[in-house]
Every structure is written in C-alpha cells, then in structure tokens.
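Side-chain atoms are counted along with the backbone in the values below, which use heavy atoms only and exclude waters and symmetry mates. Bear in mind that the values here come from a model prediction, so they are computed numbers and not experimental data.
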Amino acid sequence: MHEEYEKQIQSYIPKIKEKVNILHFSTGADSVACFLRLREWGIEPILIYDYYLPHIPMVDNYIDYFEKKFNVHIYRLPSEFCVRWIDNALFQLPVKAREDFRNATTELGFYKITNNSNRKSILKALGLKKEQLVFHKGIKYDDGCWRRITIMKNGVYSEANHTFFPIASFQVSDIISILEKYDCKLPIEYNWLGVSFEWLESRNINFIIRDCPASYEYIKQYFPLVDVLKYRNYTDVNLKTGHKRVRLANMQKFAIDKDLYEVW
C-alpha cells in the first residue's frame with residue numbers, strides 16, 4: 001500500500017460522507033474492493049453498472065450474486081460501447097442495422113450517450129447538483145503509467161470531476177486481502193483471463209462460446225457477424241505476457257462457481 005496516497009484518502013473520508021456517493025461498479029476486482037472500502041467507512045454508495053448489452057445472461061448472473069451478497073440494488077445504464085458499436089454497425093449488416101437502430105432510438109437520443117451524459121442523467125434524476133455528489137472509480141496507483149500520472153497530478157480526488165479513487169493506494173496484494181476478508185467472488189471471466197468482461201473481443205470470445213453459450217447467442221442478436229472474432233483469437237498472446245500470467249494466477253481463485261447458476 002502506498003502510504004502517501006493512503007494518507008490523502010483518509011483525509012477525504014469525512015468530506016465525502018456528507019455527499020451522495022456513486023460508485024461505477026463494473027463488478028471487477030477493483031470496483032468490488034472500492035465498494036468494500038466504502039462500506040468499511042460507513043458509506044453506502046449507489047452502484048451503477050454500465051452495460052455492454054442490457055441482459056447478457058453471464059452478466060445477469062454475477063449482478064444477481066453481488067446484489068444478494070451485499071444486499072444492494074445495482075442500477076444499469078448503457079455504456080458508450082453499447083450504443084457506439086450498434087450505431088457504427090459493428091459486426092452487423094451495415095445499412096439495415098444502422099437504419100433500424102437510428103429509427104428506434106432517435107427520439108430517445110440513445111446514440112448520443114457518453115459517460116458525461118450518463119452523469120448528467122444521474123444528476124437530473126436525483127435532483128442534485130454535481131457539487132453534491134462524489135463519483136468513485138476503482139483506480140490503483142500501480143495500474144499503469146497513465147493512471148499513475150493521473151493520481152500524481154490530481155491526487156486521490158479530482159476536484160474538476162468530483163471523482164474519488166478509494167483504492168488509489170492499493171496494490172494487487174491489497175485487492176486480494178480485502179476480497180479474502182469478505183469471502184467475495186468475482187465474475188466467471190476471472191477464471192479465463194483474470195479480468196472482468198467489458199465488451200466482446202478476440203481474447204475472450206472463445207471462452208464465452210465454450211462456457212457461456214446462452215450469453216454468446218444473446219450477443220449475436222445484436223452483433224450477428226461477431227463470429228469473425230473467434231478466428232482472431234489473441235488469448236495465447238495475452239497470456240504469454242508476464243503481467244497477464246501473474247494476474248490470472250492471483251485472481252483465478254475468486255471466479256464465481258459456474259454451478260451457482262443454470263444458464264450462462
């Protein structure tokens with residue numbers, strides 16, 4: 001644990017307790033660790049999951065797991081990937097797909113969704129000003145050079161965006177410790193690559209086809225030409241890197257038991 005960043009974090013806790021706390025809850029290890037830290041501080045954040053598609057069975061399963069585990073409700077909002085990929089006709093029959101999507105969503109403005117527009121929607125729905133909220137994100141100081149630079153430059157709290165990083169001081173060993181402390185599982189993807197699912201890509205597609213066939217068929221309803229990805233499988237390349245091997249070795253044991261749910 002980074003001592004200086006941890007001191008900064010502790011100094012902000014009294015201030016953020018006075019605000020409405022919102023956690024971008026990806027269901028990954030870092031966001032789960034964020035939630036557990038906030039709860040230890042007596043903070044019950046609003047949990048928001050930005051979905052790639054609305055009800056992928058594998059995602060529904062572990063959202064159900066976390067809701068029951070923590071006795072919370074997880075709100076779902078469309079991510080930029082959801083609307084951008086469909087609007088750009090990715091893995092679709094282009095002209096028809098784009099027409100259908102625009103015709104169905106123009107009035108609602110879904111194709112204009114960004115992370116910032118989602119934040120504004122949250123504020124409007126809650127009847128709050130941005131100064132009254134704190135958005136939490138699971139960013140560690142050792143996640144990579146860009147995140148390290150962000151924390152070095154802005155500290156553990158970004159005044160401009162009202163964004164707080166509860167685990168900025170954490171290393172992977174700290175993530176493992178807090179997950180073990182609360183006997184908490186992670187999504188099934190941690191059994192494949194040691195990371196959570198964000199969107200369909202060449203490194204995870206064959207795992208989904210193999211272990212989560214219902215999820216794959218659901219995804220194909222939106223992206224019917226996605227089969228092409230399985231021929232560009234970069235899983236072996238990813239797992240040959242030292243970082244990926246270590247992450248898988250550390251996190252694989254936390255993957256949710258497939259027998260817990262019937263449909264994947």
Q) When hydrophobic residues are tied together by side-chain contacts of less than 4.5 Å, even through go-betweens, does W199 share a cluster with I63? A) yes
(Q) Would E67 and Y62 count as a side-chain hydrogen bond (donor to acceptor under 3.5 Å, both in side chains) here? Give the steps. (A) CA-CA 8 Å; E67 287 185 331; Y62 47 74; over 6 Å; no
Q: Answer whether the closest heavy-atom distance between the side chains of I22 and V134 falls below 4.5 Å.
A: no
Q.
Counting the benzene-type ring for Trp, do F197 and Y51 have ring centres under 6.0 Å apart?
A. no
Q. Taking Q8 for the side chain and G155 for the main chain, is one N or O donor matched with an acceptor at less than 3.5 Å?
A. no
Q. Parallel, tilted or perpendicular for H24 and F135, by the 30°/60° rule?
A. parallel
Q: Could you please spell out the steps behind the side-chain hydrogen bond (donor to acceptor under 3.5 Å, both in side chains) verdict for Q221 and E217?
A: CA-CA 7 Å; Q221 293 178 32; E217 291 304 316; over 6 Å; no
Q) Are any of the side-chain heavy atoms of N204 and E189 separated by less than 4.5 Å? A) no
Q | side chain to side chain donor-acceptor pair (under 3.5 Å) contacts touching residues 254-264 (sequence neighbours left out) | A | D64-Y261
Q: Taking atom CD of E3 as the centre, report whether more than 12 heavy atoms of other residues, nucleotides or ligands fall under 6.0 Å from it.
A: no
Q.
Run the salt bridge (charged side-chain N to carboxylate O under 4.0 Å, His left out) test against D60 and tell me which residues pass, sequence neighbours left out.
A. R76
Q.
Give me the atom names and distance for the closest heavy-atom approach of S196 to S26.
A. OG-OG, 4.4 Å
Q. For the rings on F165 and Y157, is their centre-to-centre separation under 6.0 Å?
A. no
Q) Under 3.5 Å, is there a donor-acceptor pair between the side chain of D174 and the main chain of Q171? A) yes
Q: Please say whether more than 12 non-hydrogen atoms of neighbouring residues, nucleotides or ligands are located less than 6.0 Å from NZ in K7.
A: no
Q) How are the rings of H73 and Y75 set relative to one another: parallel (under 30°), tilted (30 to 60°) or perpendicular (over 60°)? A) perpendicular
Q. Looking just at side-chain N and O atoms, do E40 and Y182 make a donor-acceptor pair shorter than 3.5 Å?
A. yes
**Q.** Side-chain H-bond candidate by donor/acceptor type, D211 with W192, under 3.5 Å
**A.** yes
